[in-house]
Undergrad: 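The structure under discussion is supplied below as structure tokens; questions concerning it will follow.
Numbered from 1 within each chain, the chains take letters A, B, ... in sequence-line order.
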There are 2 protein chains.
Amino acid sequence: MTTISVLLVDDHLVVRSGLKALLGTQPDFDVVAEAASGEEALELVEQHSPAVVVMDLAMGAGMDGIEAIRALRQRNGRQAILVFTTYDSDADIVRAVDAGAMGYLLKDASPDEIFAAIRGAVQGKSVMSAPVASRLFQQLRNPDEVLTPREAELLSLLTEGLSNRELGQRLFISEATVKTHLAHIYAKLGVETRAAAIATAIRREGMR
Amino acid sequence: MTTISVLLVDDHLVVRSGLKALLGTQPDFDVVAEAASGEEALELVEQHSPAVVVMDLAMGAGMDGIEAIRALRQRNGRQAILVFTTYDSDADIVRAVDAGAMGYLLKDASPDEIFAAIRGAVQGKSVMSAPVASRLFQQLRNPDEVLTPREAELLSLLTEGLSNRELGQRLFISEATVKTHLAHIYAKLGVETRAAAIATAIRREGMR
DNA sequence: TGGTCTCTCAGCCTTTTGGCTGATGCTGCT
DNA sequence: AGCAGCATCAGCCAAAAGGCTGAGAGACCA
């Protein structure tokens, strides 16, 4: 039997131990290293070149999971990257898949789901939790409601409470353009005010 | 040596396993049961009457952690309850302590912190993570920044994206009064716009 | 009884936001 | 070559939000 080498990336030690304990029950998994940050993950991948990287998206400080995935992909590693996170926000799912994640699991997934996802990942199969899949499906059905990259960027800044003027300065665009983007964002989110947009963004899109 | 019986309550299996693995490294801890929900926690406390209950606040569906703590306290159990959660929102901290939690740990706490907190809890000592303690301290030092009940109510509705007019209608007050409350809220939160207030409320005050 | 807090309301004025229409340059796809 | 989508910008106007001052009623406490 071929063993599958795994790198765990999560800023919470408890989660890493839990995952390690779970994977330890299976004969074909071998957790070769653990990282608590994106930066550390890059190093450890270099050192151990694991077959699979299981990665959280929300990482306290520094590089977040998405950036780490992107960085790993750019160094053309052959690792299969599996997202393992608490939230299933639309934006995160799309960005993670876009960045090159092979699968997307939620932290309340059952052990079997986790095992299957990892085994599938090394074989090039894409596995995701049911809620995640249904969200992706939803987006495919309603492409009109998908934010463009620029809009998502703006929405993200919006949730920090910036004014149109400030948004323009941050993004190096005029206030007029900010307003245009906002109008599109409101339409796509189905809201009419910036307040509602922020509320929706933080709750539904998971932008915190 | 007296062993300390522990009940773990967290809706994520990985977290429970991780915690169990960590506590297993110490000779004086004995994880007697695990619950995935508040309801289950109540049952298992009844069955095992553990010395300490380590509880997450965010629990998928049904009874949340705060309610579970309150319910346990009302059944006048002698368990020390320790909150073990991801976020340190002001509101959650206050509500948890108010509900009867002995300590408040964040999930990125080190094993030693966790061990110390559990051992302290059975001896009646209150242990909390540094960020948590500083937030509580902050509130005691600046009572001027504590929202009045009415203000908190308004802020909560604000996070749903309502306009001043709608807020007035919901609360049966004039728009002028809404504006007065908002001005006070902004001052207390240290923001200048409703957008920033919403962002702060959801992130810092934990109003989701 | 007086002071303080909280909640309530009004008016005035400035700034910000949102709705609308129209327009340009770029990219990618057909 | 042409079309669609994206990002950019402008101007105009109405609505909403925010800053400021002042003020009254009720609760609570010293």
Undergrad: Does OP1 or OP2 of D:dA17 have a side-chain N or O of B:Asn164 closer than 4.0 Å?
TA: yes

Undergrad: State which residue, out of B:Ile81, B:Val83, B:Ile66, B:Leu8, fulfils the side-chain contact (heavy atoms from CB on, under 4.5 Å) condition with B:Met55.
TA: B:Ile81

Undergrad: Should B:Thr177 be listed as having a side-chain N or O under 4.0 Å from OP1 or OP2 of C:dC9?
TA: yes

Undergrad: Counting side-chain heavy atoms from C-beta on, which of C:dT17, C:dC7, D:dT8 comes nearest to A:Lys179?
TA: C:dT17

Undergrad: Mind checking whether B:Asp11 and B:Ser37 have side chains closer than 4.5 Å, heavy atoms only?
TA: no

Undergrad: Could you tell me the separation between the CG atom of A:Leu167 and the P atom of D:dT8, rounded to a whole number of Å?
TA: 12 Å

Undergrad: Starting from the first five and the last five pairs of the helix from C:dT1-D:dA30 to C:dT30-D:dA1, work out the angle between the resulting helix axes, to 10 degrees.
TA: 40°

Undergrad: Let me know the distance between CD1 of B:Ile198 and C1' of D:dA16, rounded to the nearest Å.
TA: 13 Å

Undergrad: Are any of the side-chain nitrogens in A:Glu153 or A:Arg170 under 4.0 Å away from the carboxylate oxygens of its partner?
TA: no

Undergrad: If you assign each of B:Ala176 and A:Thr193 to its closest nucleotide in DNA chain C, which residue comes earlier from the 5' end?
TA: B:Ala176

Undergrad: Could you tell me how far apart B:Leu171 (CG) and C:dT6 (P) are, to the nearest whole angstrom?
TA: 17 Å

Undergrad: What's the NE2-P distance between B:His181 and D:dA17, to the nearest Å?
TA: 16 Å

Undergrad: I want to check one thing: is the phosphate of C:dT16, taken as OP1 and OP2, less than 4.0 Å away from some side-chain N or O of A:Ser163?
TA: no

Undergrad: Atom CD of B:Gln169 and atom P of D:dA16: how far apart are they, to the nearest Å?
TA: 11 Å

Undergrad: With a 4.0 Å cut-off on N to O distance, would you call A:Asp30 and A:Lys20 a salt bridge?
TA: no

Undergrad: Between B:Val178 and A:Tyr186, name the one whose nearest nucleotide on DNA chain C is closer to the 5' end.
TA: B:Val178

Undergrad: Measure from CZ on B:Arg194 to P on D:dA17 and round the result to the nearest Å.
TA: 4 Å

Undergrad: Once you round it to whole Å, what is the distance between C1' of C:dT17 and CD of A:Glu175?
TA: 9 Å

Undergrad: Taking 4.0 Å as the cut-off, does a side-chain nitrogen or oxygen of B:Thr180 come that near to OP1 or OP2 on C:dC7?
TA: no

Undergrad: Sequence neighbours excluded, which residues qualify as side chain to side chain contact (heavy atoms under 4.5 Å, CB included) partners of A:His184?
TA: A:Glu151, A:Thr180

Undergrad: Does the side chain of B:Leu19 reach to within under 4.5 Å of the side chain of B:Arg16, using non-hydrogen atoms?
TA: no

Undergrad: Reckon B:Ser174 has a side-chain N or O less than 4.0 Å from the OP1 or OP2 of C:dC9?
TA: yes

Undergrad: In whole angstrom, what separates B:Ile173's CD1 from C:dT6's P?
TA: 16 Å

Undergrad: Going by atom types alone, do A:Thr85 and A:Asp56 pair a side-chain donor with an acceptor below 3.5 Å?
TA: yes

